[in-house]
Each structure stands twice: as structure tokens, then as C-alpha cells.
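Each chain gets a letter, A, B and so on, in the order its sequence line appears, and its residues count up from 1.
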Protein chains: 2
Amino acid sequence: MLRYFGLLRRTMEPFFAGHGISVSQWGMLRALLRADHDGHTGLRLMDLGERLLVRPPSVSGVVRRLTAMGLVKTVPSGDDHRARLVSLTAKGRQLVERVGEAHVQRVREIYAALDEHELAGLSSSLSKLCHRMEEISRENCEKEQA
Amino acid sequence: MLRYFGLLRRTMEPFFAGHGISVSQWGMLRALLRADHDGHTGLRLMDLGERLLVRPPSVSGVVRRLTAMGLVKTVPSGDDHRARLVSLTAKGRQLVERVGEAHVQRVREIYAALDEHELAGLSSSLSKLCHRMEEISRENCEKEQA
DNA sequence: GACTATTAGTTAGCACGCTAAGCAGTTAGA
DNA sequence: TCTAACTGCTTAGCGTGCTAACTAATAGTC
């Protein structure tokens with residue numbers, strides 16, 4: 001079971017590396033593209049962290065590297081002087097759209113191993129497991145507080 | 001889909017942290033316990049790497065930390081003067097057996113979210129996907145060589 | 001026997017995740 | 001109003017993964 005875990009990483013990483021980015025960087029770029037499509041002018045680091053299920057320091061690091069690559073820019077938020085809004089640069093948008101197409105194709109290629117019924121079952125099972133794990137995490141949090 | 005990925009980590013890590021070890025360390029201890037049951041006197045770092053799907057430098061690091069914790073010991077291999085054989089100390093064996101019981105229970109707790117049929121489907125689907133990903137990795141390797 | 005190739009492992013250096021601790025800026029309560 | 005609590009983010013430091021480059025031992029080849 002855990003084998004799937006490692007294999008997925010080892011399949012994805014070289015793919016994104018071919019485009020010059022890492023899996024985490026891809027995740028962030030995609031989140032920013034979506035936010036843009038939803039009409040947001042930018043996302044705060046906290047928002048990014050929530051969407052990517054990642055803690056603030058990790059977000060900072062990825063943003064810093066993407067900024068250095070010129071794929072992303074940050075501007076101070078007008079509302080809250082603590083916050084910074086992250087958004088795609090033209091270069092970043094171009095890259096994420098290009099990689100996105102290849103990625104969709106790659107995902108299709110992998111999931112071609114399953115028929116529709118299996119795919120539906122997998123999706124349902126994973127979502128149930130996610131749900132269960134969230135419950136357990138919550139229980140443990142409460143225990144710790146007690 | 002990828003959500004499952006992160007959630008699994010975030011559920012497992014605190015669990016093992018409660019026993020003072022990390023997920024990788026657990027993986028290595030378990031591999032060593034299994035090897036012991038199979039009658040091996042110890043595993044070379046390369047063997048461990050293959051079983052855990054991890055590259056040599058990462059193995060070295062985990063072994064170093066486990067050694068520092070007194071859970072594992074290494075002796076030079078008689079056959080090959082380059083190699084080192086890793087095995088559990090008494091303390092390590094005791095810990096892995098204790099954690100193992102709790103771990104089995106925890107896994108059961110999570111997979112209780114699925115019925116038998118779903119579980120079988122999940123297992124089959126994941127193994128098909130693993131197979132597919134291995135194929136793709138192999139194809140890419142061959143492409144690179146060309 | 002000597003010369004190369006392969007193999008086991010290490011070290012250096014990076015990306016990415018985390019926690020803990022600290023700094024601003026913001027909000028809320030006395 | 002003024003202090004206290006919270007929030008957004010950064011820094012420091014660690015564990016784990018990787019690649020690349022290196023050492024040392026083994027194996028193969030002439």
C-alpha cells in the first residue's frame with residue numbers, strides 16, 4: 001500500500017523536473033492559476049498553506065524560490081499590512097498552462113490502467129479514508145488538549 | 001486525490017512521534033525485524049534501500065540516527081569489506097514490536113471506514129496503478145538513454 | 001599481475017516538510 | 001485608551017528525500 005506512495009512521487013518528480021519545477025512548486029502554481037480564474041487578485045500565504053495542506057514556513061520557502069525564478073510575484077496587501085498577496089507573473093502563467101496540458105495527459109495515461117468502475121471505486125474509497133483520517137486527527141487533537 | 005497523500009502523512013507522523021521515531025525510521029526498523037524473522041543476521045545498506053525504495057545517502061542518514069538512538073547496530077560484513085550489516089539491538093527489537101502492535105490497531109481503525117469489497121477494490125486498483133507507473137518510469141528511462 | 005569497471009558507502013549541497021520562537025500589525029477587552 | 005491576545009509571516013534548526021562527486025573494495029579483462 002505504501003508502495004504507491006513512493007512510486008507516485010518517483011513518477012511525478014522527473015516529469016515536473018523536465019519542466020524545471022518541483023511537485024510542490026507545481027501545486028502552488030496551479031493553486032494560483034485557479035485563484036486567478038476565480039477572480040482573486042492574489043492569495044495570501046496563509047490561504048496557499050490551507051489549500052496545499054502545508055504550514056507557513058514551507059509556503060514561504062516555495063514562494064521565495066518561485067519568485068527567484070520569476071514565475072510569481074508578491075505585493076503587500078492593502079487591507080492588512082502584515083499580509084502579502086502572491087500571484088502569477090506572465091511567465092508563470094504561461095508555464096503553468098503549458099505544463100498543465102502535459103500533466104493532464106500524463107494523469108490520463110496512468111489512470112488508463114483502470115476502467116470507469118474501478119476509478120469510481122478508488123475515488124470513493126480514498127475520500128472515505130481521508131474522512132476517517134481527518135476524524136482521527138481531530139480526536140487526537142482533542143486528547144492532547146485534555 | 002493527492003489530498004490522501006498529505007493526510008496520510010499527517011496522521012502517521014504524530015502517531016510514530018508519540019513513540020519517539022519518524023515514519024522512515026519505523027520503516028527501517030520494520031524491515032530489519034522482518035529480515036531477522038527470515039533468518040538474516042543483518043541487512044546491507046543497499047538491501048535496505050531497495051526494500052524501502054530509498055537511495056543510499058538517505059539510508060545512511062536514517063541508520064546513523066537510529067544508531068545514535070541505540071535502536072540499531074552495524075557490523076562490517078565478513079564477505080565484502082565495503083559492506084556493513086545493519087541489525088536491531090535488543091532495545092530496537094523491543095520498541096519495534098511494541099510499536100508494531102499499536103500500529104496494526106491504528107491501521108485497522110483507519111481501514112474500518114471501508115467494507116471488505118471496497119478494500120479489495122482499493123488494493124487491486126492501487127496495485128494496477130503501481131504497475132502502470134513502473135511501466136511509465138521504465139519507458140522514460142529508456143527514452144533518456146536514447 | 002596490472003588496469004579498468006562495477007559496486008558499497010559516504011559527503012556535500014539542495015528542496016521540502018515540520019516545530020518552536022520571534023516580530024510586526026491587528027483586534028478586542030478592561 | 002491602552003494593554004493583551006491573536007494573526008500573518010519569517011527565521012532557525014532538524015529529519016528525509018534527492019543528485020553528483022568521491023573513496024574504497026571487489027570483479028573482470030588483457
Output every pair passing ring pair (Phe, Tyr, Trp, His ring centres under 6.0 Å) with a member in residues 23-61 of chain B, not counting sequence neighbours, ordered by first then second residue. B:Phe16-B:Trp26, B:Trp26-B:His103

Can you tell me how far CZ of A:Arg44 sits from OG1 of A:Thr74, rounded to the nearest 0.5 angstrom? 14.5 Å

C:dA8 phosphate, OP1 or OP2, under 4.0 Å from B:Arg84 side-chain N/O: no

For B:Val59, report the nucleic acid contact type (base, sugar-phosphate, nothing); a contact means any heavy atom under 4.0 Å. nothing

Under 3.5 Å, side chain of B:Arg51 to main-chain N/O of B:Leu32, donor-acceptor pair present? no

Donor-acceptor list for residues 60-67 of chain A side chains, cut-off 3.5 Å, not counting sequence neighbours:
| residue | atom | partner | partner atom | Å |
| --- | --- | --- | --- | --- |
| A:Ser60 | OG | A:Pro56 | O | 3.4 |
| A:Thr67 | OG1 | A:Val63 | O | 2.6 |

So what does B:Arg10 hit on the nucleic acid, given a heavy-atom distance under 4.0 Å: a base, only sugar-phosphate, or nothing? sugar-phosphate

Does C:dA8 have OP1 or OP2 sitting under 4.0 Å from an N or O in the side chain of B:Ser77? no

Any N or O donor-acceptor pair linking the side chain of A:Arg82 to the base of C:dT26 at under 3.5 Å? no

Outermost DNA chain D nucleotides near chain B [under 4.0 Å, heavy atoms]: D:dG15 to D:dT26

Counting the atoms with a prime plus P, OP1 and OP2 as sugar-phosphate, which does A:Ser24 contact under 4.0 Å by heavy atoms, base, sugar-phosphate, or nothing? sugar-phosphate

Regarding B:Val23, tell me which of base, sugar-phosphate or nothing describes its non-hydrogen contacts under 4.0 Å with the strands shown. nothing

Taking any heavy-atom pair under 4.0 Å as a contact, classify B:Glu13: base, sugar-phosphate, or nothing. nothing

